[in-house]
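A short write-up of the structure that comes next.
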Protein chains: 2
Amino acid sequence: MSHDRMPLTIAIVEDHPVVVEGLQRILINDLPIRAIREYYTGKDFIEDVKRGRQPIDVVLLDITLPDMNGIDLCREIKVLLPDTYILGFSNHNDRSLVMQLLANGACGYILKNASASEIITCILHALDGQVAFSEEIKRIINKPSAQQLKAIPPLTKREKQILKMIAEGKTSVDIAKDLMVSPFTVETHRRNLMQKMDVKNAAALIRTATELQLL
Amino acid sequence: MSHDRMPLTIAIVEDHPVVVEGLQRILINDLPIRAIREYYTGKDFIEDVKRGRQPIDVVLLDITLPDMNGIDLCREIKVLLPDTYILGFSNHNDRSLVMQLLANGACGYILKNASASEIITCILHALDGQVAFSEEIKRIINKPSAQQLKAIPPLTKREKQILKMIAEGKTSVDIAKDLMVSPFTVETHRRNLMQKMDVKNAAALIRTATELQLL
DNA sequence: TTTCATATACTGGAAAACCAGTAGAAAAAG
DNA sequence: CTTTTTCTACTGGTTTTCCAGTATATGAAA
């Protein structure tokens, strides 16, 4: 699709005025802009959206806002404006945060250290329906940390099976019935799982297992 | 970066011969190919990688393999070949599956219904360090299902706080001490959380909360 | 000001999990 | 064939969670 397009309406949800100023200048210089709307809080933005003003093409969304976190806001925006492209725009370079934002409806993420041209390129990619990341985020996503990959202890086949059933909310008695073993056996497997994951209870076990993509 | 590049080595991990045949033809027609290696199981692929043959530029990875699931394989490949680009190549169009593959080191995903040109474009994007999806996957990622967005029950501020602490593995007594309230209060919050999420225990609560990106 | 939602706290009890230990059979690996 | 790993199962006990109910104070919304 051509990059010539109708003038854009872009919303900036960001609580640092100097950042807003800089973004405005970059956007105006390099994109066909109809309007740029600035919001310092999530609440302000949501209220404005609910007033039903003209559509927003792109939202540049900080993760850290004074009144709510950007991930919750992202999900809420996506409900209200399903066709709007949301790009994270933040200092946070934590991989799981980026993935969380994507999981909540964003289609890209730009670190605040990105150059003007990177920012514009990401917005254009987003408008083309691409998933759009600034360069450093691409590197972060393509190379999961060594710690993240190595931290996974080896689980036996039976342990994995029991882990999944625990995550489904089944009690040890339930699991014992399903697998036709003694509840004592299930309890031993649970204990072994908790030792391998270095946790003390089922809640932490499931949290850790989910983080390690074992479920 | 130019798309003229050194001849590529591409691995196809796929158990349907007709799919492998079709992929081969597409790749040979449109890319500078040094070698195409075919594997029908994850184990075959891992063994070959461990023999230390020449590097692989791109892996096209089915999710459903006879001997293991593609997500586990993806993670294992990424440990062994950190600089190789892995693209999912599957019939599964479930959004969470795509996100899981990305979380495990893949840099893209192609549905099997993609055209030849889409496949080539994705591979070229991946080689450029882009996150690369075929068109339908882009649509799926950009529009989380209404069900997925709406299913999240509203949690109060205190509930969210207690949910996080439960996920950290803290007992109700621990949480009560930290928040300077009665353990009975924490127990009531837990019960309310479980009712809202329609679960019966902490393991299922944490699993569900993670799926809903509340943690 | 009133109503509703949230947060707090308790009773009495049962169920489940966690703890630390021990131990043997079967399967897998060397 | 031997050794190691996995899976199985139990004892005795404590801690924690889950259950269903009730109730009041405070804050927020109408």
Side-chain angles (χ1 to χ4, degrees), chain A residues 41-44 46-47 50 66-68 72 152-210 214-215, chain B residues 41 43 46-47 50 67-68 72 152-209 214-215:
Chain A
T41 66
K43 188 184 176 204
D44 286 344
I46 291 298
E47 282 174 357
K50 285 183 171 176
D67 61 337
M68 64 196 295
D72 291 336
I152 300 160
L155 299 186
T156 67
K157 191 174 180 181
R158 200 59 144 174
E159 286 172 343
K160 285 175 181 172
Q161 189 174 20
I162 288 182
L163 180 63
K164 285 184 167 91
M165 296 177 89
I166 294 171
E168 284 164 13
K170 294 184 176 181
T171 65
S172 292
V173 169
D174 294 334
I175 296 171
K177 282 176 187 164
D178 289 350
L179 300 182
M180 299 174 75
V181 294
S182 166
F184 297 129
T185 299
V186 178
E187 282 295 314
T188 301
H189 283 304
R190 290 176 84 103
R191 195 192 333 169
N192 291 342
L193 281 164
M194 294 200 301
Q195 279 167 355
K196 285 187 173 181
M197 307 285 200
D198 192 24
V199 295
K200 298 285 187 183
N201 63 24
L205 175 67
I206 298 309
R207 174 58 192 275
T208 302
T210 306
L214 294 168
L215 292 169
Chain B
T41 66
K43 190 185 175 202
I46 292 297
E47 281 174 359
K50 284 181 171 176
D67 61 336
M68 64 197 292
D72 290 337
I152 299 160
L155 300 186
T156 68
K157 190 173 177 181
R158 199 60 145 175
E159 286 171 343
K160 286 176 180 171
Q161 189 174 21
I162 289 181
L163 179 63
K164 285 186 165 86
M165 297 177 88
I166 294 170
E168 284 165 12
K170 293 183 174 180
T171 65
S172 292
V173 170
D174 293 334
I175 296 170
K177 282 174 186 164
D178 289 350
L179 300 182
M180 298 175 75
V181 295
S182 165
F184 297 130
T185 299
V186 179
E187 281 297 313
T188 301
H189 284 304
R190 292 175 82 102
R191 192 188 341 166
N192 293 341
L193 281 164
M194 295 202 299
Q195 280 166 356
K196 285 186 174 183
M197 306 285 202
D198 193 26
V199 295
K200 296 288 187 182
N201 63 22
L205 175 67
I206 298 309
R207 175 55 192 276
T208 302
L214 294 168
L215 291 168

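Taking atom NZ of residue A:K200 and atom P of nucleotide C:dA17, one finds them 18 Å apart after rounding to whole Å. For the pair B:I175 CD1 and C:dA9 C1', the interatomic distance rounds to 16 Å; values are reported in whole Å. The CD-P distance, from A:E187 to C:dA16, rounds to 11 Å in whole Å. Atom NZ in B:K170 sits about 18 Å away from atom C1' in D:dT17, given to the nearest Å. Straight-line distance from the CD1 atom of A:I206 to the C1' atom of D:dT17: 16 Å, rounded to whole Å. Atom pair A:I162:CD1 and C:dA16:P shows a separation of 17 Å (rounding to whole Å applied). The interatomic distance linking B:N192 (CG) with D:dT17 (P) rounds to 16 Å, in whole Å. Here the C1' atom of nucleotide D:dC7 and the CZ atom of A:R190 are 17 Å apart, to the nearest Å.
Between A:K50 and A:I46 there is a side-chain heavy-atom pair separated by less than 4.5 Å. Residues B:N192 and B:T156 have side chains not in contact (no heavy-atom distance under 4.5 Å, counting atoms from C-beta outward). B:I206 is not listed as a side-chain neighbour of A:T210, based on a closest heavy-atom distance of 4.5 Å or more. Side-chain contact between B:H189 and B:L179: absent, with no pair of heavy atoms (C-beta onward) separated by less than 4.5 Å.
Looking at heavy-atom distances under 4.0 Å, B:R191 makes contact with a base.
The side chain of A:H189 approaches D:dT8 more closely than any other nucleotide in the set C:dC18, D:dC19, D:dT8. Considering only the side chain of A:F184, D:dC10 comes nearest among C:dT8, D:dT17, D:dC10. Nearest to the side chain of B:T188, among C:dT8, D:dC18, C:dC19, sits C:dT8. Residue A:K157 has its side chain nearest to D:dC7 when only C:dA7, D:dT17, D:dC7 are considered. Among the nucleotides C:dA17, D:dC7, C:dT6, the one closest to the side chain of A:S172 is C:dA17.
Considering only side-chain N and O atoms, A:T185 lies nowhere under 4.0 angstrom from the phosphate OP1 or OP2 of D:dC10. Side-chain nitrogen and oxygen atoms of B:T156 include at least one within less than 4.0 Å of the OP1 or OP2 phosphate oxygen of C:dA7.
Atom CD in B:E168 sits 10.0 Å away from atom CG in B:L163 (nearest 0.5 Å).
Annotation: of the two residues near DNA chain C, A:T171 and B:E159, the 5′-most nearest-nucleotide partner is B:E159.
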